[in-house]
Asks: 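First the structure, then my questions, so here it is.
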Amino acid sequence: MEFPIGELSRQTAVKVPTIRYYEQIGLLPEAPRTEGNRRLYGKSEVDRLNFIRHSRELGFEIDDIRGLLAMAAQPQSSCHQVDSIANNHLAEIDRRIASLTALKAELSRMIGECGHGRVCDCRIIEALADHSQCRSEH
């Protein structure tokens with residue numbers, strides 16, 4: 001069964017401009033067109049777009065998704081590269097969490113040192129104006 005881009009968008013919760021972008025960069029094969037120049041899609045595009053959307057929701061970069069799609073097309077191959085991509089992504093998430101944790105601690109410290117008086121005496125404003133007052137690198 002073939003359907004237009006709007007229906008593909010509804011079935012996958014991916015916006016039409018994003019679908020066009022994915023076609024443009026080669027993540028989604030360019031769809032065949034009708035004589036009226038309308039794109040037509042089927043189940044394989046729904047499955048592929050759901051894979052892409054879910055991967056993006058998990059934070060995978062476009063290049064990683066491209067590689068994962070290529071590997072998914074070879075189901076009998078070793079999943080060593082898939083594991084590698086996922087482990088690298090997990091390490092990046094851990095790095096971001098550590099950075100956000102440090103930022104949270106610094107902001108909490110700044111708020112805790114605030115006397116809640118006037119802006120001219122505000123420790124938050126002072127700390128924001130002078131990075132040397134920060135206790136963590138961010």
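This is a predicted model, so every value here is computed, not measured.
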Asks: Does one hydrophobic cluster hold both L40 and L8, with members joined at side-chain heavy-atom distances below 4.5 Å?
Replies: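 Looking at the clustering, L8 is in a separate group from L40.
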Asks: Working to the nearest 0.5 angstrom, can you tell me the gap between S99 OG and D94 CG?
Replies: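 That separation rounds to 12.5 Å.
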Asks: Counting only heavy atoms not in E61, do more than 12 sit closer than 6.0 Å to its CD atom?
Replies: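 Check fails, neighbour count at 12 or below.
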Asks: If the test is side chain to side chain contact (heavy atoms under 4.5 Å, CB included), which one of T12, L49, I19, V46 qualifies with Y41?
Replies: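 Of the listed options, the one satisfying the test is I19.
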Asks: Calculate, to the nearest 0.5 Å, the distance between atoms CG and CD1 belonging to D47 and I52 respectively.
Replies: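 Spacing of CG (D47) from CD1 (I52) equals 11.0 Å.
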Asks: Rounded to the nearest 0.5 Å, what separates atom CZ in R66 from atom CD1 in I85?
Replies: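 Nearest 0.5 Å value for the CZ-CD1 distance: 12.0 Å.
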Asks: Could you grab the distance from atom CZ of R96 to atom OG1 of T101, nearest 0.5 Å is fine?
Replies: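 Between R96 CZ and T101 OG1, I get 13.5 Å after rounding to 0.5 Å.
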Asks: Determine whether T34 and E2 make a side-chain contact, defined as any pair of heavy atoms from C-beta on separated by less than 4.5 Å.
Replies: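 T34 does not reach E2 side chain to side chain.
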Asks: Does a side-chain N-to-carboxylate-O contact under 4.0 Å join E7 and R10?
Replies: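 Yes, this pair counts.
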Asks: Using a 3.5 Å distance criterion without hydrogens, assess whether the side chain of E45 forms a donor-acceptor pair with backbone atoms of G42.
Replies: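 Confirmed, E45 side chain pairs with G42 backbone.
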Asks: Hey, does the side chain of S108 reach the backbone of K104 with a donor-acceptor pair shorter than 3.5 angstrom?
Replies: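 Pair found, side chain donor or acceptor close to backbone of K104.
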Asks: Could you note down all residue pairs passing salt bridge (Lys or Arg N to Asp or Glu O under 4.0 Å) where residues 16-34 supplies at least one of them, sequence neighbours left out?
Replies: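 Applying salt bridge (Lys or Arg N to Asp or Glu O under 4.0 Å) to every pair that reaches into residues 16-34, excluding sequence neighbours, yields E23-R39.
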Asks: If I take atom CD1 from residue I25 and atom CD1 from residue I65, how far apart are they, to the nearest 0.5 angstrom?
Replies: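 Those atoms lie 8.5 Å apart.
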Asks: Determine whether Y22 and R56 make a side-chain contact, defined as any pair of heavy atoms from C-beta on separated by less than 4.5 Å.
Replies: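 They are in side-chain contact.
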Asks: Report yes or no: do V82 and L58 belong to one cluster of Ile/Leu/Val/Met/Phe/Trp/Tyr joined by side chain heavy-atom distances under 4.5 Å?
Replies: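 Hydrophobic grouping puts V82 with L58.
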Asks: Do N50 and H54 have side-chain heavy atoms sitting under 4.5 Å apart?
Replies: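 No. Closest side-chain heavy atoms not under 4.5 Å.
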Asks: How long is the gap from CG on L28 to CZ on F51, to the nearest 0.5 Å?
Replies: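 These two atoms lie 13.0 Å from each other.
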Asks: Could you see if V14 belongs to whatever hydrophobic cluster contains Y21? Use Ile, Leu, Val, Met, Phe, Trp, Tyr and a side-chain cutoff under 4.5 Å.
Replies: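 Same hydrophobic cluster.
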